Amino acid sequence: MPPHDGQVAVYTGSFDPITLGHLDVIERASRIFDHIVVGVGINPDKQPLFDQEERVKLVEAAVGHLNNVTVRRFHGLSVTFVREQKAQVVLRGVRSLTDIEAEFTMTLANRMLDPGIETVFLMADAQYSHISSSLLKQITPLANDIALRKFVPPAVVDALREKLAST
């Protein structure tokens with residue numbers, strides 16, 4: 001069923017960094033919803049490679065070709081951020097059964113926090129389902145730029161090279 005006029009979906013994550021899997025979910029969702037807000041947050045359980053401002057800039061560079069996508073930073077609970085965006089839909093990408101289990105738990109918690117917000121899941125395309133930030137950190141020092149572009153948008157390749165060279 002097509003979305004209502006002006007339906008906004010919010011896709012939150014740490015995006016450290018944004019991958020082609022994330023971008024695939026955003027592009028596909030941008031054809032379903034009238035507007036997508038990508039919320040770049042902070043995951044207290046992870047030590048980020050890129051700071052929040054760097055991650056926002058990388059996401060903006062990756063989604064620049066999509067006129068119905070905006071990128072914003074946020075702190076705190078995703079459901080609070082979703083409400084601040086005047087949205088009722090949380091968009092989530094899932095890669096594996098492990099993702100589904102974790103996302104199921106988060107969805108139930110979000111529903112308790114705000115029962116008016118629905119979660120919509122998009123399966124990652126099979127070619128991207130194995131990509132993770134830990135994989136990127138492992139392969140970046142070993143892979144050439146052509147190989148890295150199979151995992152991340154072009155702007156991220158240079159950023160990864162710079163960041164990992166300085167660590």
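As the structure is a computational prediction, the values presented were derived from the model and not from experiment.
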> How far does CZ of R92 sit from CD of E103, to the nearest 0.5 angstrom?
Replying inline: 4.0 Å
> What closest approach, in Å, do P153 and T19 show between heavy atoms, and which atom pair accounts for it?
Replying inline: CD-C, 4.0 Å
>> Walk me through whether H35 and T70 qualify under side-chain contact (heavy atoms from CB on, under 4.5 Å).
In response: CA-CA 8 Å; H35 194 83; T70 55; 3.1 Å; yes
> Minimum heavy-atom separation for L58 to A155, with atom names?
Replying inline: CD2-O, 3.9 Å
> Hey, any chance V82 and I36 share a hydrophobic cluster, counting ILVMFWY side chains that come within less than 4.5 Å of each other, even indirectly?
Replying inline: no
>> Just checking K137: does its NZ atom have more than 12 heavy atoms from other residues, nucleotides or ligands closer to it than 6.0 angstrom?
In response: yes
> More than 12 heavy atoms of other residues, nucleotides or ligands under 6.0 Å from CG of L142: is that the case?
Replying inline: yes
> What pairs with R95 under side chain to side chain contact (heavy atoms under 4.5 Å, CB included), at least two apart in sequence or on another chain?
Replying inline: D99, A124, S129, S132
> Could you walk me through whether V157 and V152 pass the side-chain contact (heavy atoms from CB on, under 4.5 Å) check?
Replying inline: CA-CA 7 Å; V157 172; V152 296; 3.7 Å; yes
> Just by modelled atom types, is the M123 backbone N or O under 3.5 Å from a matching donor or acceptor in the R28 side chain?
Replying inline: yes
> Do V8 and V89 touch side chain to side chain, with heavy atoms closer than 4.5 Å?
Replying inline: no
>> Given 3.5 Å as the limit, does a donor-acceptor pair link the side chain of N43 with the main chain of S14, or not?
In response: no
> In Å, rounded to the nearest 0.5 Å, how long is the span from OG1 of T105 to CD1 of I100?
Replying inline: 12.0 Å
>> Test of understanding: with salt bridge (charged side-chain N to carboxylate O under 4.0 Å, His left out), list the residues that count as partners of D145, not counting sequence neighbours.
In response: R161
> How about P17 and L136: do any of their side-chain heavy atoms sit closer than 4.5 Å?
Replying inline: yes
> Does any non-hydrogen side-chain atom of I42 lie less than 4.5 Å from one of R55?
Replying inline: yes
>> side-chain contact (heavy atoms from CB on, under 4.5 Å) for V10 and L91? Distances and angles first, verdict last.
In response: CA-CA 6 Å; V10 179; L91 175 66; over 6 Å; no
>> More than 12 heavy atoms of other residues, nucleotides or ligands under 6.0 Å from CD of E101: yes or no?
In response: no
> Can you check whether E84 reaches V37 side chain to side chain, under 4.5 Å on heavy atoms?
Replying inline: no
Side chains of residues 108-116: which donor-acceptor partners sit under 3.5 Å, not counting sequence neighbours?
from : atom 1 : to   : atom 2 : distance (Å)
D114 : OD1    : R83  : NH2    : 3.1
D114 : OD1    : G116 : N      : 3.0
D114 : OD2    : R83  : NE     : 2.8

> Do you reckon L66 sits in the same ILVMFWY cluster as Y128, going by side-chain contacts under 4.5 Å, direct or chained?
Replying inline: yes
> How many angstroms lie between atom CD of E162 and atom CZ of F50, to the nearest 0.5 angstrom?
Replying inline: 8.5 Å
> Distance from Q7 atom CD to I32 atom CD1, nearest 0.5 Å?
Replying inline: 10.5 Å
> So, E54 side chain and D51 main chain: donor-acceptor pair closer than 3.5 Å or not?
Replying inline: yes
>> E27 vs H65, test: side chain to side chain donor-acceptor pair (under 3.5 Å). Steps then yes/no.
In response: CA-CA 10 Å; E27 287 173 341; H65 64 288; 2.9 Å; yes
>> Once rounded to the nearest 0.5 Å, what's the spacing between atom CG of L49 and atom OG of S134?
In response: 11.5 Å
>> Nearest 0.5 angstrom please: N68 CG to S30 OG, how far?
In response: 5.0 Å
> Is I131 reachable from L164 through a run of hydrophobic residues whose side-chain heavy atoms are each under 4.5 Å from the next?
Replying inline: yes
> Does one hydrophobic cluster hold both I139 and I18, with members joined at side-chain heavy-atom distances below 4.5 Å?
Replying inline: yes
> Between G93 and V25, what is the shortest heavy-atom contact and its length?
Replying inline: CA-CG2, 4.1 Å
>> Is there a side-chain contact (heavy atoms from CB on, under 4.5 Å) between I26 and V69? Walk through the geometry before answering.
In response: CA-CA 8 Å; I26 294 166; V69 176; 4.0 Å; yes
>> Using the ring-ring contact (aromatic ring centres under 6.0 Å, His included) criterion, which residues pair with F15? Sequence neighbours excluded.
In response: Y11, H22
>> Just to verify, which of L135, V156, T140 counts as forming a side-chain contact (heavy atoms from CB on, under 4.5 Å) with F151?
In response: L135
> Can you list the residues that meet the salt bridge (charged side-chain N to carboxylate O under 4.0 Å, His left out) rule with R149, with sequence neighbours excluded?
Replying inline: none
> Which residue pairs pass the ring-ring contact (aromatic ring centres under 6.0 Å, His included) test when at least one of the two sits in residues 66-109, sequence neighbours left out?
Replying inline: F74-F81
